[in-house]
Amino acid sequence: MFINNFLYFHIGICILVILFEMFWGQYIKFKNIKMKKSTRKYKEEIRKQLNNIKIYGEIDKKHSQILTKKLKKTNKLLIFEKACDELIKEDLENMKKYINNLEYVFCNLAIHYEKTKNKAEKAYFAYIISKYFERITSEYVLTVLISTLYKFIECKSIYCKINAMEAIYKIGKTEDILKAIAIINNKYYTYNSVVLANGLKSVKSNKRILAKELFKKFDEYNKNIQIAIIKFLSDYKYIDEELILEKLKNKNISVDVKCEIMRYFQKNKNEDAKQYLIKQLSKNEIIANDLNIKAIGTLGYYEDKDTKELLHKLMESKDNMIKESVHKSLEKRQKLQKEQLLEVV
């Protein structure tokens with residue numbers, strides 16, 4: 001009896017699952033049809049505005065007012081995004097002009113999304129700003145948007161934080177980016193250093209000025225931000241390498257940051273940095289710590305006689321970790337030499 005009831009129960013569950021999947025499939029189908037229909041309506045309206053831009057140089061004010069009301073709902077914003085993406089493929093230049101005409105619309109929307117408690121909505125709005133706006137012409141609009149994005153950085157949602165930072169990188173000036181970095185630093189928010197570095201590399205403002213301003217306050221930042229700055233500088237050599245080497249020598253700089261600085265000198269070879277590492281590794285007894293292991297690995301990128309002699313000397317170490325690191329470093333040298341020979345051939 002118990003077995004029969006158990007089987008009936010499982011059969012009932014299976015039927016319910018099948019019915020759920022059927023109804024859910026129909027619901028998704030209905031939603032897709034509805035979205036396609038709504039997207040077509042938005043595209044028709046935007047096309048009218050593109051025509052207005054061609055004739056009058058601007059969009060209709062009524063259109064701006066309607067969008068300000070409608071786009072306060074995230075599902076409408078999603079349909080708007082889809083319509084814009086499809087029209088951008090058809091007419092990129094005029095769509096850029098159309099979006100530029102929406103600065104005040106999104107300024108008003110920023111005030112709305114700042115007040116909403118839904119973190120996902122905040123994150124999505126920040127994403128839209130990052131996606132469509134490259135250059136804000138109105139100082140007032142820029143101030144409102146940046147102010148809103150600063151508050152989004154303090155949101156508990158990591159997606160909201162990252163999207164807000166990416167938007168600030170995209171539309172912000174140097175001082176706006178510096179303030180955003182300061183907020184992260186002062187609030188002890190943990191951001192992935194790679195995400196921060198990639199953001200710095202994507203900024204639209206003057207990278208040279210940004211690099212110099214960031215490096216001025218290098219010692220004030222937490223180690224994740226310091227690592228991000230070094231990653232950024234690896235691709236943009238705006239800072240005197242002697243100043244970066246000083247950070248490597250500084251006892252107050254964390255081990256993780258020093259390891260990142262050595263990665264910098266792997267990519268950007270520097271004679272003074274090489275001599276410093278050789279000196280550090282030429283002591284009578286070498287401890288197999290993170291710094292020494294990274295230093296041995298870094299010297300593998302240098303191909304001169306002094307480096308080679310030191311590495312072979314370190315092969316005599318009693319520490320197996322040191323020997324293994326030297327072996328990998330020498331292998332790296334051979335690989336680099338082969339690549340150079342292939343380039344010549």
Side-chain angles (χ1 to χ4, degrees), residues 23-138 140-142 144-149 152 155 157 159-160 162-164 166-171 204:
F23 283 115
W24 181 254
Q26 290 298 315
Y27 173 74
I28 294 297
K29 190 176 179 181
F30 171 75
K31 287 284 287 183
N32 288 337
I33 292 169
K34 191 177 179 182
M35 178 170 273
K36 285 180 181 178
K37 188 176 179 181
S38 298
T39 302
R40 281 198 299 270
K41 285 183 179 179
Y42 269 78
K43 283 173 71 176
E44 287 171 11
E45 182 55 38
I46 292 171
R47 281 197 181 100
K48 291 178 185 177
Q49 301 309 315
L50 293 178
N51 192 50
N52 280 349
I53 289 170
K54 290 174 185 176
I55 299 170
Y56 306 110
E58 59 183 9
I59 63 174
D60 185 44
K61 289 182 179 179
K62 190 176 179 180
H63 176 69
S64 295
Q65 291 169 355
I66 292 169
L67 279 184
T68 302
K69 290 180 181 178
K70 284 187 175 181
L71 300 186
K72 287 178 181 178
K73 295 181 179 179
T74 314
N75 64 327
K76 299 292 184 185
L77 191 57
L78 180 65
I79 295 165
F80 172 79
E81 179 194 5
K82 192 170 178 61
C84 284
D85 286 350
E86 290 179 13
L87 287 170
I88 282 170
K89 293 176 184 177
E90 297 176 16
D91 191 353
L92 177 60
E93 289 305 312
N94 281 310
M95 277 302 294
K96 282 183 177 180
K97 293 175 184 176
Y98 169 74
I99 290 167
N100 288 340
N101 271 260
L102 298 180
E103 285 185 1
Y104 279 92
V105 171
F106 278 85
C107 177
N108 291 326
L109 289 173
I111 296 166
H112 164 75
Y113 280 101
E114 183 184 318
K115 293 176 182 177
T116 184
K117 293 180 180 179
N118 190 311
K119 299 177 184 68
E121 289 183 359
K122 290 176 185 285
Y124 183 52
F125 180 74
Y127 162 75
I128 292 294
I129 296 296
S130 174
K131 183 174 182 178
Y132 291 121
F133 291 93
E134 293 184 4
R135 181 174 169 271
I136 307 293
T137 56
S138 165
Y140 171 75
V141 172
L142 181 61
V144 172
L145 289 178
I146 292 292
S147 176
T148 300
L149 292 168
F152 284 8
C155 179
S157 165
Y159 296 108
C160 190
I162 291 172
N163 288 354
E166 287 180 353
I168 291 171
Y169 285 141
K170 187 85 172 284
I171 67 172
K204 299 298 179 182

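Predicted, not measured: the structure shown is a model, and the values here were computed from it. Heavy atoms only: backbone and side chains are in, while hydrogens, waters and symmetry mates are out. FYI, the numbering just counts along the sequence from 1.
Taking all atoms of both residues into account, the shortest heavy-atom contact from A164 to A126 is N-CB, 3.8 Å.
Between Y113 and I128 the shortest side-chain heavy-atom distance does not fall below 4.5 Å. Between E166 and N163 the shortest side-chain heavy-atom distance falls below 4.5 Å. Between L71 and H112, the closest side-chain pair of non-hydrogen atoms is not below 4.5 Å. With contacts defined as side-chain heavy-atom distances shorter than 4.5 Å, the pair Y132/I88 qualifies.
In this view, N118 satisfies the side-chain hydrogen bond (donor to acceptor under 3.5 Å, both in side chains) rule with no residue, not counting sequence neighbours. For E134, there are no salt bridge (charged side-chain N to carboxylate O under 4.0 Å, His left out) partners two or more places apart in sequence or in a different chain. Listed by chain and residue number, C155, K156, S157 satisfy the side-chain contact (heavy atoms from CB on, under 4.5 Å) test with K119 (two or more places apart in sequence, or in another chain). The salt bridge (charged side-chain N to carboxylate O under 4.0 Å, His left out) check on K131 picks up E81, D85, with sequence neighbours excluded. Evaluation of the salt bridge (charged side-chain N to carboxylate O under 4.0 Å, His left out) rule for R47 yields E90 as partners, not counting sequence neighbours. Residues passing the side-chain hydrogen bond (donor to acceptor under 3.5 Å, both in side chains) test with T116 are E121, sequence neighbours excluded. In this structure Y169 satisfies the side-chain hydrogen bond (donor to acceptor under 3.5 Å, both in side chains) test with no other residue, sequence neighbours excluded. With sequence neighbours left out, the side-chain contact (heavy atoms from CB on, under 4.5 Å) criterion links K48 to E45. K43 meets the side-chain hydrogen bond (donor to acceptor under 3.5 Å, both in side chains) test with E86; sequence neighbours excluded.
Pairs of residues two or more places apart, or lying in two chains, never qualify as ring-ring contact (aromatic ring centres under 6.0 Å, His included) while including a residue from residues 36-60. For residues 59-77, no residue pair satisfies the salt bridge (charged side-chain N to carboxylate O under 4.0 Å, His left out) rule, not counting sequence neighbours.
We find the OG-CG distance between S147 and L142 to be 11.0 Å, quoted to the nearest 0.5 Å. Considering CG of L149 and CD of E114, their distance stands at 9.5 Å, rounded to 0.5 Å. For the atom pair CD1 (I129) and CZ (F152), the distance works out to 8.5 Å, reported to the nearest 0.5 Å. Note: Y140 OH to L145 CG = 10.0 Å, rounded to the nearest 0.5 Å. Note that the CD1 atom of I136 and the CD1 atom of I146 stand 8.5 Å from one another [nearest 0.5 Å]. A distance of 6.5 Å separates CG of N94 from CD1 of I53, quoted to the nearest 0.5 Å.
No donor-acceptor distance shorter than 3.5 angstrom exists from the side chain of K122 to the backbone of C160, with no hydrogens or angles considered. Formation of a donor-acceptor pair under 3.5 Å by the T148 side chain with backbone atoms of V144 is found in this model.
Counted within 6.0 Å of OH on Y124, heavy atoms from surrounding residues, nucleotides or ligands total more than 12; the atom is thus considered enclosed.
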Using residues 98-105 as the side-chain source, report each donor-acceptor pair under 3.5 Å to any protein atom, sequence neighbours left out, with the distance given to one decimal.
from: Y98; atom 1: OH; to: H63; atom 2: NE2; distance (Å): 2.7
from: N100; atom 1: ND2; to: K96; atom 2: O; distance (Å): 3.3
from: N101; atom 1: OD1; to: I59; atom 2: N; distance (Å): 3.3
from: N101; atom 1: ND2; to: K97; atom 2: O; distance (Å): 2.7
from: E103; atom 1: OE1; to: T137; atom 2: OG1; distance (Å): 3.0
from: E103; atom 1: OE1; to: S138; atom 2: N; distance (Å): 3.3
from: E103; atom 1: OE2; to: T137; atom 2: N; distance (Å): 2.8
from: E103; atom 1: OE2; to: T137; atom 2: OG1; distance (Å): 3.0
from: Y104; atom 1: OH; to: S138; atom 2: OG; distance (Å): 3.2

